[in-house]
Amino acid sequence: MSQPGGDLDTMLPDGTFQDQVAIVTGGGSGIGLAIAEEVARLGGSVVLAGRKAERLEAAAAAIGAAGGKALAKATDVRQPDQVDELVGAALAWGGRLDMLVNAAAGNFLVDADQLSVNGWLAVVNTVLNGTFFCTRAAGRAMIADGRGGRVLSVVASYAWTGGPHTVHSASAKAGVVAMTRTLAAEWAKHGIRVNAVCPGPTDTEGARPLWQDPEAQHRILASIPAGRFGQPAEIAQAASYLLSPYADFITGEVLVIDGGEWLGKGLA
Ligand code: HXC
């Protein structure tokens with residue numbers, strides 16, 4: 001392996017998601033795109049949702065060029081009407097909906113006492129409300145269909161450890177963890193599994209600015225016992241496992257993929 005986690009082949013059999021349809025929010029870039037690519041590689045048809053149509057189109061074309069099936073659907077997850085349209089578009093295109101991946105997020109580092117109302121709302125509306133709007137719309141379709149389904153959200157460990165300078169995101173992600181466990185119990189009777197993946201610092205275009213500064217990079221790497229950033233492919237592997245039939249008895253779980261980052265809080 002040339003780079004840890006960077007060039008993994010899938011561990012799941014080809015065709016794991018054959019004839020299935022997934023919506024991936026935040027699917028135009030970063031961790032969302034990595035998950036969408038992996039689901040498509042395993043035979044699933046993926047609907048990429050996000051705010052930037054151009055980026056989604058490019059991502060869908062790349063998945064198509066690699067032999068997968070993808071549809072781009074510009075959507076602001078903060079707008080319930082647009083979310084309903086997204087689910088309608090997925091059903092019209094793919095004929096069914098089996099999976100929802102909530103990867104859309106917004107984040108920036110800020111002192112809590114300096115955070116504006118709009119800044120708070122931008123993040124909480126995207127992460128917490130957006131995840132609920134998408135999950136509710138997808139869940140309704142899955143319940144109506146009667147075939148069950150899977151919901152997978154992307155969270156962060158500061159949801160339970162706390163994380164200075166991320167009060168908006170930490171509060172919202174904590175809500176998503178609570179939503180995951182609540183709906184796992186509530187929707188099990190419909191055959192819907194609800195889980196989350198929890199990446200640590202992952203080498204994506206969106207997150208990289210957080211450690212652009214060499215001093216920040218050094219500090220963050222020192223906080224990760226494994227001594228490196230995660231790769232999007234590693235998150236995608238864990239996500240596809242949780243979405244797959246191999247995880248059929250797992251629900252309400254939060255799978256941490258962070259090289260031990262959240263545990264590494266020793267005194268020395
Ligand atoms: C302070 C900021 C800010 C910043 C935005 N705001 N960025 N305040 N510092 N860096 C404030 C604005 O001033 C404004 O408030 C309010 O937030 C809304 O900003 P807009 O740009 O108008 O809103 P919007 O277009 O909705 O932007 C949403 C966003 C944006 C969250 C602010 O950054 C976004 O969508 N980002 C998506 C990409 C992203 O965040 N990726 C990071 C993922 S990586 P005022 O009061 O001025 O009107 C990640 C890694 C976590 O999360 C690491 C885990 C281990």
Side-chain angles (χ1 to χ4, degrees), residues 5 24-35 48-56 59 74-79 82-83 101-131 133-134 153-177 196-213 216-217 219-232 234-236 238-239 254-265:
V24 182
T25 72
S29 62
I31 288 171
L33 177 56
I35 295 173
L48 308 177
R51 277 188 299 168
K52 296 181 183 142
E54 222 168 81
R55 195 154 74 174
L56 298 172
T75 307
D76 183 344
V77 297
R78 294 176 279 198
Q79 304 297 332
Q82 292 187 27
V83 168
V101 177
N102 291 304
N107 202 1
F108 52 84
L109 298 178
V110 63
D111 291 340
D113 58 301
Q114 299 302 318
L115 177 59
S116 70
V117 169
N118 275 347
W120 168 265
L121 290 175
V123 172
V124 172
N125 279 338
T126 302
V127 174
L128 179 58
N129 295 340
T131 296
F133 298 151
C134 292
S153 299
V154 179
V155 299
S157 63
Y158 49 52
W160 59 90
T161 64
H165 315 296
T166 61
V167 67
H168 42 11
S169 177
S171 305
K173 294 288 191 187
V176 175
V177 171
V197 286
C198 178
T202 305
D203 185 25
T204 64
E205 210 177 296
R208 229 168 272 147
L210 294 175
W211 47 79
Q212 215 164 22
D213 166 44
Q217 175 163 152
R219 185 170 33 78
I220 294 170
L221 282 175
S223 76
I224 306 170
R228 65 171 177 87
F229 294 110
Q231 293 299 321
E234 294 176 292
I235 314 306
V254 179
L255 179 53
V256 182
I257 309 133
D258 72 346
E261 192 260 345
W262 87 273
L263 303 167
K265 310 287 182 203

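For this chain, numbers begin at 1 and follow the sequence in order. Numbering of ligands and ligand atoms starts at 1, following listing order.
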With Val155 as partner, the option from Thr131, Val254, Val197 fulfilling side-chain contact (heavy atoms from CB on, under 4.5 Å) is Val254
Specify the closest pair of heavy atoms between Gly28 and Leu33, including all atoms of both residues, with the distance to one decimal. O-CD2, 3.8 Å
Within the structure provided, determine whether Phe133 and Gln82 are in side-chain contact (heavy-atom separation under 4.5 Å). no
Hey, is atom 6 (N) of ligand 1 touched by any protein heavy atom at less than 4.0 Å? yes
Of all protein heavy atoms, the one nearest atom 53 (C) of ligand 1 is Leu210 CD1, 4.2 Å
Heavy atoms, side chains only, cut-off 4.5 Å: are Val167 and Leu115 in contact? yes
Using modelled atom types only, decide if a donor and an acceptor are shared between the side chain of Thr75 and the backbone of Gly50 within a distance under 3.5 Å. no
Looking at atom 48 (O) of ligand 1, what's its closest protein heavy atom, distance included? Asn118 ND2, 2.9 Å
Please report which non-hydrogen protein atom sits nearest to atom 31 (C) of ligand 1, along with the residue it belongs to and the distance in Å to one decimal place. Gly106 CA, 3.5 Å
Can you find a heavy atom in the side chain of Trp211 that is under 4.5 Å from one in the side chain of Leu221? no
Please work out which of the three classes, parallel, tilted or perpendicular, describes the rings of His168 and Phe108, given edges at 30° and 60°. perpendicular
For atom 38 (C) of ligand 1, what is the closest protein heavy atom, and at what distance to 0.1 Å? Ala105 O, 4.0 Å
Is_contact(atom 12 (C) of ligand 1), protein non-hydrogen, under 4.0 Å: no
Atom 10 (N) of ligand 1: the protein heavy-atom neighbour that sits closest, reported with distance to 0.1 Å: Phe108 CB, 3.4 Å
With rounding to the nearest 0.5 angstrom, report the OG1 to CD distance, Thr202 to Glu261. 10.0 Å
Would you call Asp258 and Cys198 a side-chain contact if the rule is heavy atoms closer than 4.5 Å? no
Answer with side chain, backbone, both or neither: which part of Arg78 has a heavy atom less than 4.0 angstrom from an atom of ligand 1? side chain
Any non-hydrogen side-chain atom of Arg51 less than 4.5 Å from a side-chain atom of Arg78? yes
Counting non-hydrogen protein atoms only, what is the nearest one to atom 19 (O) of ligand 1? Give residue, atom name and distance. Ala122 CB, 4.7 Å
Ligand 1 atoms nearer than 4.0 angstrom to some heavy atom of Gly119 are 11 (C), 15 (O), 16 (C), 17 (O)
Work out whether the distance between some heavy atom of Arg51 and some atom of ligand 1 is less than 4.0 Å. yes
Does the protein put a heavy atom less than 4.0 Å from atom 2 (C) of ligand 1? yes
Side-chain contact test, heavy atoms from C-beta onward, threshold under 4.5 Å: evaluate it for Val154 versus Pro199 and give yes or no. yes
Tell me, which protein residue and heavy-atom name are nearest atom 54 (C) of ligand 1, and how many Å apart are they? Tyr158 CE2, 4.1 Å
Looking only at protein heavy atoms, which one is nearest to atom 33 (O) of ligand 1, and what is the separation? Asn107 O, 4.2 Å
Protein non-hydrogen atoms only, distance under 4.0 Å: does atom 22 (O) of ligand 1 have such a neighbour? no
For ligand 1, which atoms have a heavy atom of Ser116 less than 4.0 angstrom away? 15 (O), 45 (P), 46 (O)
Counting heavy atoms under 4.0 Å, the part of Ser157 that contacts ligand 1 is neither
